[in-house]
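Data first, discussion second: the structure below is written as structure tokens.
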Amino acid sequence: MPPTDIFTLEVLRDYLLIGAALFALGILGFLSRRNLIVMFLSAEMMLQGVALTLVGFGRYHGNWTGQILTIMILTVAACEASIALALIVILYNRRSSLDVTLWQEIREAGVPATPASLISEEAEPVDAAPGPESYPHLTPAGVEPAHPVEPWIERRS
Amino acid sequence: MDVILNFIGSVLGMTGTYAVLFGGLGTYLLLPHRHGAIRPRAAHGAGLIAVALGLLIYMTYWRPPGLLLPAVFLYVFGATSVIGAVLTITSRDPVASALWFASVVLSTAGLFLLAEAPFLAAGTIIVYAGAVIVTFLFVIMLAQMEGKADYDRAARSPGWATLTSFIILWCLLASIATLKTGEKVGTGIHHLARNRLEPEKQLLRSRDLEAYIGSPDANMTGVVRRAVSPMSLVADARLAEGEAADNPEATSVLVHRPNVAGIAASMYTDHLASVAIAGALLFVALVGAVAITNPRMPVRPSSSDPAQRAAVGSVRP
């Protein structure tokens with residue numbers, strides 16, 4: 001008689017369902033978000049969903065292949081992250097923005113462009129925090145030292 | 001016409017449809033974009049409630065493993081990872097997105113532990129939470145606008161994107177939920193003639209495949225033996241204490257191999273080519289990242305004159 005295993009088909013199904021949910025949400029994030037960083041996080045999340053599925057299948061079938069494929073996924077994810085972050089830094093230096101729609105001139109032929117005016121129209125209004133702004137009042141103490149007043153730039157333009 | 005009506009009826013009869021509907025509605029409300037006259041705070045509250053409802057219905061598909069503690073941890077880690085995923089893709093702040101993604105990674109590592117993959121759990125935490133998230137945070141700090149940017153508050157056609165991805169989720173759910181979990185498949189020679197021609201009653205484990213096909217069919221057994229190499233097995237089936245070796249009904253027990261040693265043994269024998277390819281991929285990515293981050297000034301055909309090229313080079317910041 002073959003030995004019984006506590007990792008039954010029902011438990012495998014749990015792993016497949018969680019992996020499917022992560023994969024679908026990753027697709028949604030990649031399709032709909034416009035921040036380059038969030039898009040790449042969504043791509044990583046799809047990889048996590050696939051890794052979960054692979055580990056579940058490997059455990060169910062009782063061999064190491066799923067775990068080894070997941071290690072390969074980790075490798076691919078590390079490569080992807082390094083290249084993606086290098087690209088993000090370069091793209092940010094060119095346009096000073098992480099918006100992916102600024103790069104829509106490299107889209108495929110025949111795809112309509114999204115006008116830039118849509119961005120501010122569709123943007124969600126910012127909720128101001130309720131109540132008046134209040135800051136603590138600090139009484140100055142001691143003698144103010146002489147210091148040169150020089151303008152400084154927080155960020156490069 | 002009847003076919004279509006039947007299809008709609010079976011779709012509406014499936015519990016998962018409502019999970020997908022509520023989840024999709026909630027995610028749509030949570031995604032950053034203008035919801036007409038509805039205040040953002042109200043939309044977020046309604047979206048969170050809908051997502052929670054959808055997740056609860058989705059969780060009715062999960063079946064707990066036999067023991068109590070793994071069951072509790074499975075539900076906790078699963079719910080955390082799905083909620084973290086929703087919040088990753090709907091946060092307005094990229095830093096918050098990265099931190100929610102870290103929670104997804106941590107709970108995935110917990111699920112890996114439950115599936116008896118401790119090396120992979122540790123590796124995932126080290127690689128993702130330790131390296132990828134920190135690098136992401138570096139880039140976010142490097143390239144972050146002050147305040148909340150316009151593009152973080154406006155999703156790109158959120159309705160269509162939600163529809164697409166949740167239709168994919170529904171299809172995956174419908175195909176996974178119909179996995180046959182029915183009666184056990186018989187193994188051994190005496191089931192051979194019956195089982196071969198019928199479709200399988202449930203998903204076979206690959207380690208039972210050889211016994212399922214049976215010994216008389218030597219060709220297929222050879223194929224299976226090559227596909228499922230003994231080096232890649234997680235556990236060896238041994239006879240239980242006091243069982244006779246010639247008894248076909250003898251109970252056997254699984255003796256697990258050590259995790260890291262087993263992975264290494266399988267990786268460097270069965271999957272040696274993949275290791276070489278992964279190494280090559282890492283090397284190419286290294287070269288690519290270095291080449292991308294330090295772009296050279298393009299040498300135009302007109303500036304073939306060395307003096308002019310030197311001048312162009314000195315202009316370069």
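Proteins come first, then strands; the chains are lettered A, B, ... in the order of their sequence lines, and each starts at number 1. Side chains are part of it too, since the values below use all heavy atoms of this structure and drop only hydrogens, waters and symmetry mates. Nothing here was measured: the structure is a model prediction, and the numbers come from that model.
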For the candidates [options], which exhibits the highest count of non-hydrogen atom pairs separated by less than 4.5 Å from chain A?
{"options": "B/Ser157, B/Pro158, B/Ala265, B/Ser274", "answer": "B/Ser274"}
{"options": "B/His256, B/Met59, B/Glu116", "answer": "B/Glu116"}
{"options": "B/Val127, B/Leu286, B/Leu282", "answer": "B/Leu282"}
{"options": "B/Thr164, B/Leu114, B/Thr27, B/Val284", "answer": "B/Leu114"}
{"options": "B/Leu172, B/Leu55, B/Thr108", "answer": "B/Thr108"}

So, [X] side chain and [Y] main chain: donor-acceptor pair closer than 3.5 Å or not?
{"X": "B/Arg156", "Y": "A/Val100", "result": "no"}
{"X": "A/Tyr15", "Y": "B/Leu111", "result": "yes"}
{"X": "A/Trp64", "Y": "B/Met267", "result": "no"}
{"X": "B/Tyr58", "Y": "A/Leu17", "result": "yes"}

How about [atom1] on [X], more than 12 heavy atoms from neighbouring residues, nucleotides or ligands closer than 6.0 Å, or not?
{"X": "B/Tyr61", "atom1": "OH", "answer": "yes"}
{"X": "B/Tyr75", "atom1": "OH", "answer": "yes"}
{"X": "A/Glu108", "atom1": "CD", "answer": "no"}
{"X": "A/Trp103", "atom1": "CH2", "answer": "yes"}
{"X": "B/Trp100", "atom1": "CH2", "answer": "no"}

With a 4.5 Å heavy-atom cut-off, do [X] and [Y] have their side chains touching?
{"X": "B/Ile263", "Y": "A/Ile71", "value": "yes"}
{"X": "B/Arg63", "Y": "A/Thr8", "value": "no"}
{"X": "B/Pro65", "Y": "A/Glu10", "value": "no"}
{"X": "B/Phe166", "Y": "A/Leu28", "value": "yes"}

Starting from the C-alpha separation in whole Å, work towards a yes-or-no answer on side-chain contact (heavy atoms from CB on, under 4.5 Å) for A/Ser42 and B/Thr88.
CA-CA 8 Å; A/Ser42 309; B/Thr88 303; 5.7 Å; no
For the pair B/Val105 and A/Glu44, evaluate side-chain contact (heavy atoms from CB on, under 4.5 Å) and give the outcome as yes or no after the intermediate values.
CA-CA 10 Å; B/Val105 170; A/Glu44 299 278 336; over 6 Å; no
In Å, rounded to the nearest 0.5 Å, how long is the span from [atom1] of [X] to [atom2] of [Y]?
{"X": "A/Ile68", "Y": "B/Tyr268", "atom1": "CD1", "atom2": "OH", "answer": "10.0 Å"}
{"X": "B/Thr162", "Y": "A/Ile27", "atom1": "OG1", "atom2": "CD1", "answer": "12.0 Å"}
{"X": "A/Arg33", "Y": "B/Ser91", "atom1": "CZ", "atom2": "OG", "answer": "7.5 Å"}
{"X": "B/Phe112", "Y": "A/Leu54", "atom1": "CZ", "atom2": "CG", "answer": "8.5 Å"}
{"X": "A/Leu16", "Y": "B/Ile176", "atom1": "CG", "atom2": "CD1", "answer": "5.0 Å"}

Exercise: identify the closest heavy-atom pair between [X] and [Y]:
{"X": "B/Ala85", "Y": "A/Leu25", "value": "CB-CD1, 3.6 Å"}
{"X": "B/Pro94", "Y": "A/Asn35", "value": "CG-ND2, 3.2 Å"}
{"X": "B/Thr293", "Y": "A/Ala86", "value": "CG2-CB, 3.6 Å"}
{"X": "B/Ala115", "Y": "A/Arg59", "value": "O-CD, 3.1 Å"}

Salt-bridge present (A/Arg34, B/Asp152; N to O < 4.0 Å):
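A salt bridge is absent here (no side-chain N lies under 4.0 Å from a carboxylate O).
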Tell me, side chain or backbone of [X] under 4.5 Å from chain B's heavy atoms, or both, or neither?
{"X": "A/Phe30", "answer": "neither"}
{"X": "A/Ala51", "answer": "both"}
{"X": "A/Leu69", "answer": "neither"}
{"X": "A/Leu36", "answer": "neither"}
{"X": "A/Glu80", "answer": "neither"}

What residue in [options] has the most heavy-atom pairs under 4.5 Å with chain B?
{"options": "A/Leu12, A/Leu85, A/Thr70", "value": "A/Leu85"}
{"options": "A/Val55, A/Val38, A/Asp14, A/Leu31", "value": "A/Asp14"}
{"options": "A/Ala81, A/Ala84, A/Ser32", "value": "A/Ser32"}
{"options": "A/Leu22, A/Ile18, A/Leu87", "value": "A/Ile18"}

Take A/Met45 and B/Ile89, measure what side-chain contact (heavy atoms from CB on, under 4.5 Å) needs, and give me the verdict at the end.
CA-CA 10 Å; A/Met45 205 152 70; B/Ile89 61 170; 3.8 Å; yes
Is there a side-chain contact (heavy atoms from CB on, under 4.5 Å) between B/Ser266 and A/Thr65? Walk through the geometry before answering.
CA-CA 8 Å; B/Ser266 178; A/Thr65 313; 5.6 Å; no
At a 4.5 Å cut-off on heavy atoms, which part of [X] comes close to chain A: side chain, backbone, both, or neither?
{"X": "B/Tyr128", "value": "side chain"}
{"X": "B/Asp270", "value": "neither"}
{"X": "B/Ala79", "value": "neither"}
{"X": "B/Ile168", "value": "side chain"}

Out of B/Val275, B/Leu281, B/Ile277, which residue meets the side chain to side chain contact (heavy atoms under 4.5 Å, CB included) rule with A/Met72?
B/Val275
